[in-house]
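To start, the structure itself, in structure tokens.
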Amino acid sequence: MGAGVEADEGVMATDFFWSYTDEPHASRRREILAKYPQIKELFGPDPWAFLKIAVIVSLQLWTATFLRDASWLKLLTVAYFFGSFLNHNLFLAIHELSHNLAFTTPSLNRWLGIFANLPIGVPMSITFQKYHLEHHRFQGVDGIDMDIPSQAEAHAVKNAISKSVWVVLQLFFYALRPLFLKPKPPGLWEFTNLAIQVALDAGLVYLHGWRSLAYLILSTFVGGGMHPMAGHFISEHYVFSPDQETYSYYGPLNLMTWHVGYHNEHHDFPRIPGTRLHKVKEIAPEYYESLRSYRSWSQVIYMYIMDQTVGPFSRMKRKAPKKDS
């Protein structure tokens with residue numbers, strides 16, 4: 001592997017890291033299953049997923065109605081220190097549902113994803129699933145994996161100040177990037193997601209006023225920016241060590257984020273729900289203990305901003321496979 005343009009020590013790269021091998025997870029999955037076939041017993045839905053989602057959705061919608069007459073300062077404060085954790089939890093619940101890890105029937109997972117989407121304020125559940133599954137199947141593949149920053153983003157972000165702005169707005173980039181670079185025609189599920197979300201938003205405004213909806217939107221976007229929970233966006237695949245492209249996080253916020261921090265384990269075994277991913281590491285420790293990992297997402301954000309060699313180009317890419325003629 002290598003970079004298209006080698007960076008001097010202490011200078012940010014001007015191209016992505018390019019790998020000329022397959023992504024590491026499929027081969028590691030085969031190797032681990034051959035050695036530890038009992039891991040297949042961990043496959044399957046999380047029976048508590050629906051209840052956990054229902055509790056968070058109910059709590060967040062109630063909070064929105066409770067704050068209908070709150071000042072803007074109070075709205076922003078509660079959104080950052082409370083609502084952001086709930087909405088980011090729901091975003092990662094939708095991530096879990098994109099892998100059909102609440103029910104064995106895919107359509108039931110989609111319906112639950114639409115329900116989990118409600119406090120987020122913006123319809124995204126169905127569209128997220130389409131792009132996220134490609135991120136797994138084509139990790140790092142140029143033009144397909146929309147998890148990787150665009151050339152425009154990478155060239156615009158050059159220093160700590162611009163990186164800080166990028167971190168604050170990263171949820172916008174994450175959401176809008178695929179719509180500009182690889183738009184997919186919407187289908188019935190997307191329109192259903194949109195209609196139900198608009199109905200909830202309109203009903204909330206009609207019954208409780210604009211500030212209730214503003215609280216939900218603020219909770220979504222402040223929680224996706226300069227926020228401890230949002231550190232996973234950077235920690236998962238931003239390359240801090242050129243020989244590793246996926247990183248796990250083993251800190252306490254896993255309890256609030258569907259254990260998405262177990263990211264190497266998740267990419268190795270996407271059919272295992274987050275609550276059981278720690279068991280993969282317990283069963284096959286020799287495959288994970290030698291990999292670099294993190295204990296703090298806040299520290300990852302700080303390192304990303306302050307390390308002058310790291311930026312949006314710090315991602316591993318590979319060429320798209322050639323189509324047979």
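Everything numeric here is computed off the predicted structure, so don't read it as measured data.
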Donor + acceptor pair across side chains of Thr220, Asn87 (<3.5 Å): yes
Met226 side chain near Ile301 side chain, heavy-atom distance below 4.5 Å: yes
Residue among His135, His259, His99 satisfying ring pair (Phe, Tyr, Trp, His ring centres under 6.0 Å) with His266: His99
Pair Ser248, His263: side-chain N/O donor-acceptor within cut-off below 3.5 Å: no
Between Arg28 and Asn264, a side-chain donor and acceptor under 3.5 Å: yes
Contact check, side chains of Tyr80 and Phe85, non-hydrogen atoms, under 4.5 Å: no
Transitive ILVMFWY side-chain link Trp297 to Tyr262, under 4.5 Å: no
Any Asn89 side-chain heavy atom under 4.5 Å of Thr257 side chain: no
Neighbour count above 12 (heavy atom, 6.0 Å) for Arg137 CZ: no
For Glu265, all residues meeting salt bridge (charged side-chain N to carboxylate O under 4.0 Å, His left out), sequence neighbours excluded: none
Geometric class of the Phe313/His155 ring pair [parallel <30°, tilted 30-60°, perpendicular >60°]: perpendicular
Check: Tyr304 and Trp166 side chains under 4.5 Å, non-hydrogen atoms: yes
Point-to-point distance, once rounded to the nearest 0.5 Å, from CG of Leu200 to CG of Leu61: 6.0 Å
Rounded distance (nearest 0.5 Å) linking atom CD1 of Ile32 with atom OH of Tyr287: 6.0 Å
Set of salt bridge (charged side-chain N to carboxylate O under 4.0 Å, His left out) partners for Glu236, sequence neighbours left out: none
Tyr294 ring center within less than 6.0 Å of Tyr249 ring center: no
Check: Leu86 and Pro119 side chains under 4.5 Å, non-hydrogen atoms: no
Parallel, tilted or perpendicular, as decided by the 30° and 60° cut-offs, for the rings of Tyr247 and Phe240: perpendicular
